[in-house]
Amino acid sequence: MNFGKMPIANGFLSKEQFSDEYYFDLLPAFCESCCLFQIINQPDPEKMFHHHYAFFSRSSKKMIEHFQKYSEWILNNYIDNSDPFVIELGSNDGIMLENFSIKSINHLGIEPSANVANVAREHGVNTLTEFFDKSILDNILNEYGYADVITAANVMCHIPDLNSVAENINKILKPDGVLIFEDPYLGSMIEKTSFDQIYDEHVYIFSAISVENIFSPHGFELINIIEQNTHGGSMRYVLARKGQRKIHDVVNNQIDYEKRLGLDKPSTYNNFRLNCEKNRNDLVLLLKKIKSEGLSIAGYAATSKSTTVLNYCGIGADLIEYISDTTPIKQGKYSPGVHIPIKSHDYFLENKPDYAILFAWNHMNEIMLNEVEYTKSGGKWILFVPSVMVE
Ligand code: DWN
C-alpha cells in the first residue's frame with residue numbers, strides 16, 4: 001500500500017518550521033513468510049523520540065486506570081518471588097512503573113525521550129534516558145541484576161529491529177522470566193479499518209501469528225494472550241522461554257481465529273486497502289458537504305493517528321478550522337503536514353464547532369462523558385472508524 005508522503009506523526013511545529021518539515025513515504029506492507037504487517041520505511045528513531053516528544057501517556061484518565069490494573073495483573077500472575085525486578089521498555093512518563101515504585105518494587109524504565117522520562121522521575125520512577133540498546137545491558141545487570149519481568153505497552157511495535165530486541169531481552173531476563181507486551185492488534189485494525197494506526201512510530205501491527213514467528217527463533221514461545229479494549233483494540237502477549245511455563249489454550253484458539261480472519265493471507269490486505277480508500281473518500285465528501293452548508297468543523301484531540309488521517313485524506317485547514325488538544329506542548333503549534341492550528345481545550349469550549357471530528361476515537365467513552373454539554377447543546381460528532389458516520 002502507499003499512503004503517500006507523510007510527516008512525523010508527533011512532529012507538531014511552528015510556522016517558521018514549515019519550510020524544513022521532514023517527509024517520508026508511508027508504505028505499509030505484509031510479509032507472506034512471517035505474517036508481519038509493517039511499514040517498510042521508517043524515519044530515524046531520533047527524529048521521532050527526543051527531548052520534546054509530544055505524547056504523554058497520562059493524558060487519559062482511563063489509561064492511568066488501565067496501567068494500574070495492568071501492573072496488578074503482572075504482580076498477581078507472573079511474579080512469584082519476594083524481591084522481583086521489573087523492567088519496562090519505553091516507559092514514557094512512568095504511568096505503569098509508578099505502580100511498582102509505590103509498592104517499593106525494584107524497577108527500571110528505559111525511555112529515550114528525555115522530557116517524558118523527566119516526568120517519570122518526578123513520579124518516583126527509576127528511568128534511564130536511553131534506547132534499549134545492547135550498550136546499556138551491562139550497566140543494568142551490574143546495578144539491578146536479571147529481570148523477572150520485562151514489559152512494554154505500545155512500544156514493541158515502535159522498535160524496528162525486533163531481532164536485536166529479542167537478543168537483548170535474552171541477555172537480561174531470568175531463565176524463567178517473562179516478556180509481556182501489549183500493542184494495537186492487527187485483527188482489530190483489519191476488522192475496523194482503523195488505518196490511522198499506521199504511522200511512522202508504528203513499524204509493526206502485530207498478530208499472535210507474527211509475534212510467535214518473530215520470537216520463536218530466539219527461544220521464546222507465546223504462553224498467554226489477553227485482548228484489551230485500549231487504543232481501539234489491542235492485544236497483550238506473554239512470552240516465556242520454550243518449555244518453562246504452561247501454554248494457555250487461548251493462544252492456539254487465537255491463532256486459529258486469525259487464520260479464519262485471513263491475517264496470514266495477502267488478499268486480506270488487498271481488501272483492507274480498498275476499505276481504507278472507501279473511508280477516505282467518504283470522509284472527504286462528508287467534510288466538504290458540511291463546509292458547503294456553511295457549518296464549522298474542528299478536530300478533537302491531535303493524536304498521532306490524526307496525522308495519518310489528515311495527510312492520507314488530504315484534509316487541511318480549509319476543512320478543519322482547528323484541532324483541540326489537552327497537551328500543552330502541542331498547543332499554539334500546527335499539525336504535521338497539513339498545518340491545522342492546535343488549540344487548547346478551553347478554546348474548544350469557547351469556540352464550539354457545529355461538528356467535531358473525533359480523532360481520539362479510542363478514548364470515546366471518556367470523551368463523551370466529558371463533553372455531554374457540547375453534545376446536549378447540539379454539537380455533532382464525526383466518526384470515521386469503523387466507517388464514516390455522524391452522531
Ligand atoms: O503508541 C502510541 C499510542 C499508545 O499513543 C503512540 N505512538 C503515541 C500515542 O498515540 P496517539 O497520539 O494516537 O494517542 P491517543 O492516546 O489516542 O491520543 C492522545 C492525544 O489526545 C493527546 O494529545 C491528548 C489528546 N486528548 C485530548 O485532547 N482530550 C486525549 C483525551 C483522552 C482527551 O480527552
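Only a predicted model underlies this, so the values are computations on that prediction, with no experimental measurement involved. Start at 1 and go down the list; that is how both ligands and their atoms are numbered. All residue numbers refer to positions in the sequence shown, counting from 1.
- The side chain of Ile367, and not its backbone, has at least one atom closer than 4.0 Å to an atom of ligand 1 (non-hydrogen atoms only; side chain from C-beta on).
- At a 4.0 Å cut-off, at least one heavy atom of His202 sits close enough to ligand 1 to count as contact.
- Ion pairing of Arg273 with Glu277 is present here, as a side-chain N (NZ or NE/NH1/NH2) and a carboxylate O approach within less than 4.0 Å.
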Working for ring-ring contact (aromatic ring centres under 6.0 Å, His included), residues Tyr199 and His202: CA-CA 6 Å; Tyr199 52 90; His202 287 179; 4.2 Å; yes

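- By the criterion of a heavy-atom distance under 4.0 Å, neither the backbone nor the side chain of Lys62 is placed next to ligand 1.
- Within the 4.0 Å heavy-atom shell around ligand 1 one does not find Trp361.
- Arg58 pairs by the salt bridge (charged side-chain N to carboxylate O under 4.0 Å, His left out) definition with Asp93, Glu98, not counting sequence neighbours.
- Residue contacts with ligand 1 leave out Lys61, since none of its heavy atoms falls under 4.0 Å from the ligand.
- The closest non-hydrogen atom to atom 22 (C) of ligand 1, taken over Asn10, Asn92, Asp325, Leu369, comes from Asp325.
- For Phe56, the heavy-atom gap to ligand 1 stays at 4.0 angstrom or more.
- Checking Glu371, His231, His345, Lys305 against atom 17 (O) of ligand 1, the nearest heavy atom belongs to Lys305.
- Remark: Lys305 is not positioned above the aromatic ring of Phe359, lacking an NZ or CZ atom under 6.0 angstrom from the ring centre and at most 45 degrees off the axis.
- Using a cut-off of 4.0 Å between Lys/Arg side-chain N and Asp/Glu carboxylate O, Glu65 and Lys62 are scored as salt-bridged.
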